[in-house]
Structures are given as structure tokens and as C-alpha cells.
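Being a predicted model, the structure only gives us computed values, none of them experimental. When reading the values below, keep in mind they use all heavy atoms of this one structure, side chains included, and skip hydrogens, waters and symmetry mates. Below, read A as the first sequence line, B as the second, and so on, with proteins coming before strands; counting in each chain starts at 1.
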Amino acid sequence: MARMPVHPTPAAASDTYAGLRRDVTAWFDDAARDLPWRAADRTPWGVLVSEVMLQQTPVVRVEPRWRAWMERWPTPADLAAASTADVLRAWDRLGYPRRALRLQECARAVVERHGGVVPSSEAELLALPGVGTYTAAAVVAFAFGGRSVVVDTNVRRVLARTVAGTALPPPSPRAAELRLAASLVPDDATGAARWAAASMELGAVVCTARAPRCDVCPVRAACAWRLAGSPPDEHGARRRTQAWEGTDRQVRGRVMALLRGADGPVHQALVEEVWPDAAQRERCVASLVEDGLVEQDGEVYRLPA
DNA sequence: AAATCGGGGGC
DNA sequence: GCCCCAGATTT
């Protein structure tokens with residue numbers, strides 16, 4: 001039961017928040033960023049690719065990679081047929097390269113299960129590699145204009161502030177939070193898709209995590225957090241950033257960067273230079289091989305063919 | 001529920 | 001230096 005769509009509530013008692021939805025969507029109609037995966041000629045596959053790239057990677061870093069990617073592999077069939085080494089190099093430094101691997105697996109699944117056509121049902125999307133609750137709902141809304149409950153970090157923050165009156169949402173969503181999000185979704189598909197885009201956009205552009213721009217916020221007058229005096233985050237103590245220096249993630253990143261930059265196989269002597277601690281380095285290389293991100297062939301390492 | 005998984009830019 | 005970024009998957 002790890003991956004379940006959030007089902008929209010039928011006819012909700014959401015009239016309470018009708019003003020919120022109206023003001024945010026009206027603002028969005030005027031303020032929406034001109035992002036390439038929102039263009040009129042967008043494809044469902046392009047939307048899906050953007051959503052996977054945007055999992056934990058900011059828009060400004062995704063945009064140029066997405067453009068190059070879609071030009072090179074416009075359809076699921078194109079990506080399915082590509083060399084994995086090329087895919088990992090094109091992923092470049094977007095981070096979490098297992099996402100690139102899953103995206104190619106996703107392309108192959110779309111080809112095999114759906115004849116190369118991205119499915120429009122949330123359940124079928126959810127069954128694809130690398131597609132979780134958020135991404136499935138987002139593709140339903142943004143690629144197909146369907147009704148779904150889209151809850152990402154932006155939406156969570158917007159609802160935490162405007163409705164709950166807190167600076168930030170709790171580290172992980174609770175059932176009540178998801179119920180609230182579901183209750184806010186308009187009944188009609190078009191309205192639902194617009195609300196999804198608008199609420200996310202507000203969090204991304206105005207209702208940001210640090211230094212929110214309340215002065216230009218369309219719902220500042222009704223925002224519970226602001227009306228409460230914009231109190232600081234209550235669970236700040238638990239919010240500890242993941243360490244970076246000296247972690248396996250840093251070591252794995254260095255190994256991947258080395259292999260991405262090489263045209264072909266890399267001798268182990270060069271791999272040994274990226275990290276001095278042999279035990280940690282070997283553990284990380286082994287995990288990369290285990291993940292399918294690296295192949296070992298005797299004394300050389302390379303990206304998968 | 002908690003841990004793991006990259007990398008960079010704003011402050 | 002710290003924090004966050006259109007999360008997913010595994011344990």
C-alpha cells in the first residue's frame with residue numbers, strides 16, 4: 001500500500017475555501033511562468049519527463065536539461081531505445097541519477113504496456129517506474145487536464161500557511177492534511193487542473209519557504225499564518241538538513257561525475273583518486289553497480305551500455 | 001516512520 | 001554554512 005492515489009472527495013464542503021481557490025487561480029492566469037513543459041504544443045511524455053526531473057531539483061536547473069532531452073528523445077520509444085550511458089550523461093548533474101535510470105525504465109514500460117502512449121489513468125501512471133503519488137497526479141492534471149489531487153511541497157506549504165496558520169507543514173503529510181487538500185479540489189476537471197497548477201505556482205513563486213513575498217500575495221488578506229502574525233516554524237528543531245561532506249552520496253556523486261566525463265571505460269586507478277577512504281569508496285562503487293548505474297569489467301568501470 | 005539518494009544556489 | 005528544491009523507493 002505504499003503507492004496509493006489520493007482520491008478526490010465527491011462534492012466537498014469546500015465552499016469555505018471558494019475564495020482561496022478563486023483568488024489563487026485568478027492570480028495564476030496572469031502570473032504563470034512561461035515554462036516549456038506548459039507550452040501549447042506540450043506532450044504527455046514531455047510533461048512526465050519534466051515531473052521526474054523536477055523531483056527534488058529546482059526549475060531553473062531542470063529547464064535547459066529538459067529542452068535538450070526532449071529534442072534528443074521526443075517520445076517514450078526514443079528514450080527506450082537509447083544507450084543508458086547516453087541517458088546518464090544527458091541527465092548531467094540534475095542529481096539522484098537513479099531517477100534517470102527509472103525514467104528510461106518508465107519509457108520502456110510505456111512502450112511495452114501501453115504501445116508507446118503515456119496512459120491517462122492515475123492508476124496506470126502510478127504503476128510506472130519512478131512515478132509516485134505526486135507525479136501520477138501531476139501528469140493527470142498537467143498532461144491530460146484531468147481531476148486529481150496534486151500535493152507537492154509547494155501546495156503543502158501554501159495550505160499550511162493559508163489554512164493551518166503555520167509557517168511550514170510537518171515533515172511528512174498526515175491524513176488530515178491530504179483530506180484538506182482533496183477537499184479543495186474543484187469538482188470539474190478543468191477547474192481541478194487549474195487549481196493544481198495555480199496552488200503549486202503560488203508556493204513556488206510567492207509563498208516560498210524562506211522570505212515569502214506576502215506583499216504581492218493574492219490571498220494575503222485571508223492567510224491564517226499572516227493573520228496570526230507570521231509565527232516561526234514550530235518543528236524547526238527536528239528539521240535537520242542532510243549532511244553532505246564525507247557522505248556516501250558525495251562519493252557516489254564523484255564516481256558518477258568521473259564516468260560521465262569519460263568517453264569510455266575508466267581504469268580503477270582513476271576511480272581510486274576520487275576518494276581516499278578505500279573502504280567507503282569500494283562500498284559506494286559496489287552500491288552504484290548494484291543500482292545499475294555502473295558496470296565493472298575487470299579493472300575498468302563504465303556507464304551501462 | 002525513517003533512511004537513502006545529488007547537486008547547487010540563495011541567503 | 002545552512003536550508004531547500006514540482007519525491008520515490010526501500011527498510
Next item on the list: Please list, chain by chain and in numerical order, all residues satisfying side chain to side chain donor-acceptor pair (under 3.5 Å) with A/R156, sequence neighbours excluded.
Entry: A/E177
Margin query: Could you report the tightest heavy-atom contact between A/L79 and A/W69, atom names first, then the distance?
Written below: CD1-CZ2, 3.7 Å
Check: Looking only at heavy atoms, which two atoms of A/V150 and A/V155 are closest? And how far apart?
Finding: O-CG2, 3.6 Å
N/O to N/O distances under 3.5 Å, protein versus nucleotides 9-11 of chain B:
unit_1, atom_1, unit_2, atom_2, d
B/dG10, N2, A/R210, NH1, 2.8

Next item on the list: Mark yes or no for whether A/R161, through its side chain, and A/T166, through its backbone, hold a donor-acceptor pair below 3.5 Å.
Entry: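 Judged by distance alone, no pair lies under 3.5 Å.
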Notebook entry, point to check: Hey, does the side chain of A/R220 reach the backbone of A/R226 with a donor-acceptor pair shorter than 3.5 angstrom?
Noted result: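 No, because the side chain of A/R220 does not come within donor-acceptor range (under 3.5 Å) of the backbone of A/R226.
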Nearest-angstrom distance from the residue atom [atom1] of [X] to [atom2] of [N]:
| X | N | atom1 | atom2 | answer |
| --- | --- | --- | --- | --- |
| A/Q56 | C/dT9 | CD | P | 13 Å |
| A/M200 | C/dG7 | CE | C1' | 11 Å |
| A/R174 | B/dA1 | CZ | P | 7 Å |
| A/R157 | C/dC3 | CZ | P | 16 Å |
| A/D152 | C/dC4 | CG | C1' | 13 Å |
| A/L54 | C/dG7 | CG | C1' | 11 Å |
| A/Q55 | C/dC4 | CD | C1' | 16 Å |
| A/R98 | C/dT10 | CZ | C1' | 9 Å |

Say whether [X] and [Y] are linked into one hydrophobic cluster, either directly or through other cluster members, by side-chain heavy-atom distances under 4.5 angstrom.
| X | Y | answer |
| --- | --- | --- |
| A/L101 | A/Y96 | no |
| A/W27 | A/V216 | yes |
| A/V289 | A/V266 | yes |

Notebook entry, point to check: Could you write out DNA chain B as a dot-bracket string, with dots for unpaired bases, | for bases paired across to another strand, and Watson-Crick or G-U pairs counted at under 3.5 Å?
Noted result: |||||.|||||
Checklist line | Pairs meeting criterion side-chain hydrogen bond (donor to acceptor under 3.5 Å, both in side chains) with involvement of residues 47-56 of chain A, two or more places apart | finding: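 For residues 47-56 of chain A, and leaving out neighbouring residues, the side-chain hydrogen bond (donor to acceptor under 3.5 Å, both in side chains) pairs sorted by first residue read A/E51-A/Y134, A/Q55-A/T135.
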Margin query: Taking A/R33 first and then A/E63, would you say they form a salt bridge - that is, a charged N and a carboxylate O separated by under 4.0 Å?
Written below: no
Partner residues of [X] under the salt bridge (Lys or Arg N to Asp or Glu O under 4.0 Å) criterion, sequence neighbours left out:
| X | answer |
| --- | --- |
| A/R22 | none |
| A/D248 | A/R283 |
| A/R102 | none |

Next item on the list: Could you tell me whether A/D30 atom CG has more than 12 heavy atoms of other residues or ligands within 6.0 Å of it?
Entry: no
At under 4.0 Å between heavy atoms, what does [X] touch on the DNA or RNA strands: base, sugar-phosphate, or nothing?
| X | answer |
| --- | --- |
| A/T57 | base |
| A/T135 | sugar-phosphate |
| A/A209 | sugar-phosphate |

Item checked: 5′-ward residue of the pair A/P58/A/R102 relative to DNA chain C -> A/P58
Check: Expressed as a whole number of Å, how far does the P atom of B/dC11 sit from that of C/dA6?
Finding: 14 Å
Note to self: Rounding to an integer number of angstrom, what distance separates B/dG7 and C/dT10 when you compare their C1' atoms?
What the structure shows: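 After rounding to an integer number of Å, I get 22 Å for this pair.
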Check: Residues from residues 243-262 of chain A sitting under 4.0 Å of DNA chain C, heavy atoms only?
Finding: none
Checklist line | Near-strand residues of residues 25-51 of chain A, defined as heavy-atom separation under 4.0 angstrom from DNA chain C | finding: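 Those residues whose heavy atoms fall under 4.0 Å from DNA chain C, taken from residues 25-51 of chain A in numerical order, are A/R33, A/L35, A/W37, A/R38, A/E51.
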Notebook entry, point to check: With distance as the sole criterion, is a donor-acceptor pair present between the side chains of A/Q104 and A/T84 under 3.5 Å?
Noted result: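 Present: a donor and an acceptor within the cut-off.
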Next item on the list: For DNA chain B, find the residues of residues 274-295 of chain A with a heavy-atom distance under 4.0 Å and give them by number; none if there aren't any.
Entry: none
Note to self: Using a 4.0 Å cut-off on heavy atoms, which residues in residues 88-95 of chain A reach DNA chain B? List them by number, or say none.
What the structure shows: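 Residues of residues 88-95 of chain A under 4.0 Å from DNA chain B: A/R93, A/L94, A/G95.
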Check: Could you give the distance from CD (A/E122) to CZ (A/R147), rounded to the nearest 0.5 Å?
Finding: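 These two atoms lie 10.5 Å from each other.
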Item checked: Spacing of A/T25 atom OG1 and A/L20 atom CG [to the nearest 0.5 Å] ->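 Here the rounded value is 9.0 Å.
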Next item on the list: Could you tell me whether the phosphate oxygens of B/dA1, OP1 or OP2, come under 4.0 Å of any side-chain nitrogen or oxygen in A/S172?
Entry: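 No, because none of the side-chain N or O atoms of A/S172 sits under 4.0 Å from OP1 or OP2 of B/dA1.
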Notebook entry, point to check: How would you list all residue pairs meeting salt bridge (Lys or Arg N to Asp or Glu O under 4.0 Å) that involve residues 254-271 of chain A, not counting sequence neighbours?
Noted result: none
Next item on the list: For A/R65 and A/T57, run side-chain hydrogen bond (donor to acceptor under 3.5 Å, both in side chains): C-alpha distance rounded to whole Å, both residues' side-chain angles, the deciding distance at 0.1 Å, then the answer.
Entry: CA-CA 11 Å; A/R65 292 293 98 221; A/T57 303; over 6 Å; no
